[in-house]
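Working notes, beginning with the structure itself.
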There are 2 protein chains.
Amino acid sequence: MAVSEQFKDVFAQLPAGSFDKDCPTRPVMAQVTGRWGALIIAALVPGPMRFSGLHQHIDGISQKMLSQYLKSVVRYGLVERLVEPTVPPQVTYSLTPLGQSLAQQLCALLSWFSANTPALEAAQQRYDAADSPAR
Amino acid sequence: MAVSEQFKDVFAQLPAGSFDKDCPTRPVMAQVTGRWGALIIAALVPGPMRFSGLHQHIDGISQKMLSQYLKSVVRYGLVERLVEPTVPPQVTYSLTPLGQSLAQQLCALLSWFSANTPALEAAQQRYDAADSPAR
DNA sequence: CTGTATCCGGAGCGATACTG
DNA sequence: CAGTATCGCTCCGGATACAG
């Protein structure tokens with residue numbers, strides 16, 4: 001199968017330590033793949049956005065979490081924080097080149113989920129119906 | 001910039017509801033992008049694996065979490081569970097076609113993290129050194 | 001407007017012990 | 001070997017109030 005060959009190549013490029021407990025990517029992964037990380041990165045793809053803009057755009061996030069995740073991604077060099085010394089202050093967030101390259105991967109992932117939502121839901125219903133209708 | 005154009009196209013294909021609170025992909029994302037989801041899927045890329053094999057391969061995961069995450073991905077139709085009626089019983093997990101297509105995205109993401117670990121670590125050190133050396 | 005500080009409930013997760 | 005059940009702890013995450 002061509003598909004198998006294809007992604008086995010990708011897999012083969014993964015360093016051996018990817019599954020190690022102390023793999024340095026684990027913390028970053030935890031943030032980016034955390035509850036809000038991917039959505040924040042993706043939200044900045046169309047262009048820079050203000051704090052309040054993100055707060056509105058990403059439905060359901062609290063100020064605390066937005067602030068917290070933003071601090072992380074800024075620290076990782078994925079997002080740039082630009083402060084306009086005006087009154088009231090305006091803070092603009094935008095993707096760095098590094099963040100843009102990550103955004104491509106994340107958008108691909110989000111696209112996959114969107115595209116395969118029907119299949120995923122169908123599988124769940126099949127699973128739930130087959131085994132434990134009581135639960 | 002060519003890069004911008006490129007992933008803006010990808011982004012444009014995302015449904016408008018991707019950022020909605022009730023987006024149906026959120027629960028699945030939560031699992032797959034949870035602490036172990038991606039690693040489990042990725043671990044099955046080279047081929048089917050047994051429970052104990054996964055337990056060893058994915059460093060640091062507990063039986064409870066492995067079992068729990070496996071149940072989820074099976075329910076989502078991403079992984080197939082095959083029980084050999086032998087004594088002692090042998091259970092083999094393998095990716096479904098749906099799971100394989102997801103695995104491609106996840107492997108790409110893992111690859112990105114592996115490839116950009118130096119840049120990410122450098123950014124962190126820069127950030128930490130610049131502002132709060134006391135902490 | 002853009003955050004930070006505090007409190008608090010619940011989910012996630014690990015360790016351990018137990019079952020088939 | 002392949003799980004399930006229970007306990008306990010940590011940390012995530014929301015609501016609210018406060019600060020620059």
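Naming: A, B, ... by sequence-line order, numbering from 1 per chain.
By the 4.5 Å heavy-atom criterion applied to side chains, A:Val45 and A:Gln104 are not counted as neighbours. Side-chain contact between A:Thr92 and A:Met49 is absent, with no heavy atoms from C-beta onward closer than 4.5 Å. Within the 4.5 Å cutoff, the side chain of A:Tyr93 has no heavy atoms near those of the A:Glu80 side chain. Residues B:Gln31 and B:Val73 are not in side-chain contact: their nearest non-hydrogen atoms beyond the backbone lie 4.5 Å or more apart. Side chains of A:Leu66 and A:Leu54 form a contact here, defined as non-hydrogen atoms less than 4.5 Å apart.
Atom CD1 in A:Ile61 sits about 9 Å away from atom P in D:dG13, given to the nearest Å. If you take CZ of A:Phe51 and P of C:dT4, they are 8 Å apart, rounded to a whole angstrom. Whole-Å rounding puts the A:Leu54 CG to C:dG3 C1' distance at 13 Å. For the pair A:His55 NE2 and C:dT4 P, the computed distance is 14 Å after rounding to whole Å. The separation between B:Arg50 atom CZ and D:dG3 atom P is 10 Å, rounded to whole Å.
A heavy atom lying under 4.0 Å from DNA chain C marks the following residues of residues 63-73 of chain A, by number: A:Gln63, A:Lys64, A:Ser67, A:Lys71.
Note on B:Tyr93: every side-chain N or O is 4.0 Å or more away from OP1 and OP2 of D:dC1. Dashed line: the shortest gap from a side-chain N or O of B:Arg35 to OP1 or OP2 of C:dG12 is not under 4.0 Å.
If A:Pro89 and A:Gln31 are placed on DNA chain D by their nearest nucleotide, the residue sitting closer to the 5' end is A:Gln31.
Using a 4.0 Å heavy-atom cutoff across all strands shown, B:Gly60 reaches sugar-phosphate atoms only and no base atom.
When each of A:Asn116, A:Leu120, A:Leu109 is paired with B:Leu102, the side chain to side chain contact (heavy atoms under 4.5 Å, CB included) condition holds for A:Leu109 and for no other.
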